[in-house]
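Right, one structure below, let's go through it.
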Amino acid sequence: MRDPKIRQIIQNVRAAYAPTPAYKKLEEHFQSLLEQRRADMADGVRSNVRGIVLVGQSGSGKTTAIRELVRQNAHLLATDADKEHCEFISLQVPSPATMKFVGSATLRALGYPLSGDKQGSVIWDQVKVQLKLRRTLFLHLDEAQDLARYQTDKERQSVVNTLKSLMENSHWPTGVILTGMPDLKRIVNQDPQLARRLFPVEIDRLHAVKHVAPVLDLIKNYARRGQIKVSDGLLTEQFAQRLMHAADYEFGLMVEIAVQAVAKALLQGGVGATLAHRCFADVYHDRSAAVDALNPFLAADFVRINPRSIFDRRYDDDEDPQ
Ligand SMILES: Nc1ncnc2c1ncn2[C@@H]1O[C@H](COP(=O)(O)OP(=O)(O)OP(=O)(O)O)[C@@H](O)[C@H]1O
Ligand SMILES: [Mg+2]
């Protein structure tokens, strides 16, 4: 059985959200949309609303950013999905993203399971009724790049049109928040009317030179939160670059590895442990099962390693062994 105090410290480290420029922008847009909507409601005005599109690669931190947004703004809007009024509803785009599937998934997220086999348009009429009944101001669709997968152009356009119509609904407009991989940009740009209604936010990839200092600061902060020391000489420019490479230059993955390294140090060394280079190398091995020569924390020529592949035993650009 693990020391409950250590468990508690690890939980505390895991729960820490590191604010980023993209998160700040997301929150600013969100709060201005919310303020505008509250003012319109107070004046009894039914205007068209706008939404937000947040894009980033896998592991950049999109889903986590929205979760943090809801948590940070829980005092400004009703977010409890179990209550009658829920002003923020979140769901994942189902596959294939047809009118019918997306509509049913939205209805389910609204706590109104569908009975019988109904047409897409009928389902969406029910969605609109439920959005109004539950006073939903924002509808968040995660994995929204899947709106374009496994379906025809016509079907995708119908879904896009329906999402636009939610924001223009004269009875109860609902702002749409789309989050997804960079392919989502193309979907949004294919429809200028949709693009015009969404504030764009992008989670940029890390830069091997520009982000050295912020990455090292972040490690210090997480170690402090974990109440552990940082080993002398760990926080070098090259270490930051190894970490960024191991995370494929994605902010979320970088934090995830750092958090796991702090947890490993705590589990191995207890309170007052030291965060060492070895903790990071071990975490990378746990995540990828890669041999040392393909571990970005250990290999000399780490930039050649493909950090996304697991079970790797060879360099990305090597010939396939026959
Ligand atoms: N700002 C942050 N502070 C702390 N941890 C973060 C932050 N952003 C992301 N993370 C962590 O990074 C990991 C990946 O984040 P997340 O799942 O949100 O990525 P994503 O962009 O939604 O990826 P995918 O497209 O694969 O769904 C998670 O473990 C999350 O806890
Ligand atoms: Mg996600």
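As the structure lists them, so they are numbered: ligands from 1, and atoms in each ligand from 1.
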- Query: Between Leu275 and Tyr222, is any pair of side-chain heavy atoms under 4.5 Å apart?
  - Reply: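 Leu275 vs Tyr222: side chains apart.
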Can you list the atoms of ligand 1 that are under 4.0 Å from a heavy atom of [X]?
X	result
Gln57	21 (O)
Phe251	1 (N), 2 (C)
Glu143	27 (O)
Ala18	1 (N), 2 (C), 3 (N), 4 (C)

Presence of salt bridge, [Y] and [X], under 4.0 angstrom:
X	Y	value
Lys264	Asp286	yes
Asp217	Lys220	yes
Glu68	Arg71	yes
Lys128	Asp125	no
Glu87	Arg38	yes

- Message: Can you count the protein N/O/S atoms lying under 2.8 Å from the Mg ion (ligand 2), leaving waters out?
- Response: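 There are 1 of them.
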- Is Ala16 near ligand 1, meaning one of its heavy atoms is under 4.0 Å from it?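 Contact check Ala16 vs ligand 1: positive.
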- Top protein contact for atom 23 (O) of ligand 1, by heavy-atom distance: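 Among all protein heavy atoms, the one nearest atom 23 (O) of ligand 1 is Gly59 N, 2.9 Å.
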- Can you tell me which residue and heavy atom of the protein come closest to atom 11 (C) of ligand 1, and the distance to 0.1 Å?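 Protein heavy atom at minimum distance: Gly252 O, 3.6 Å.
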Below the 3.5 angstrom mark, is there an N/O of [X], backbone or side chain, next to an N/O of ligand 1?
X	answer
Val255	no
Thr20	no
Ala65	no

- Message: If hydrophobic clusters are built by linking Ile, Leu, Val, Met, Phe, Trp and Tyr wherever their side-chain heavy atoms come under 4.5 Å apart, do Met244 and Leu298 end up in the same one?
- Response: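 No, separate clusters.
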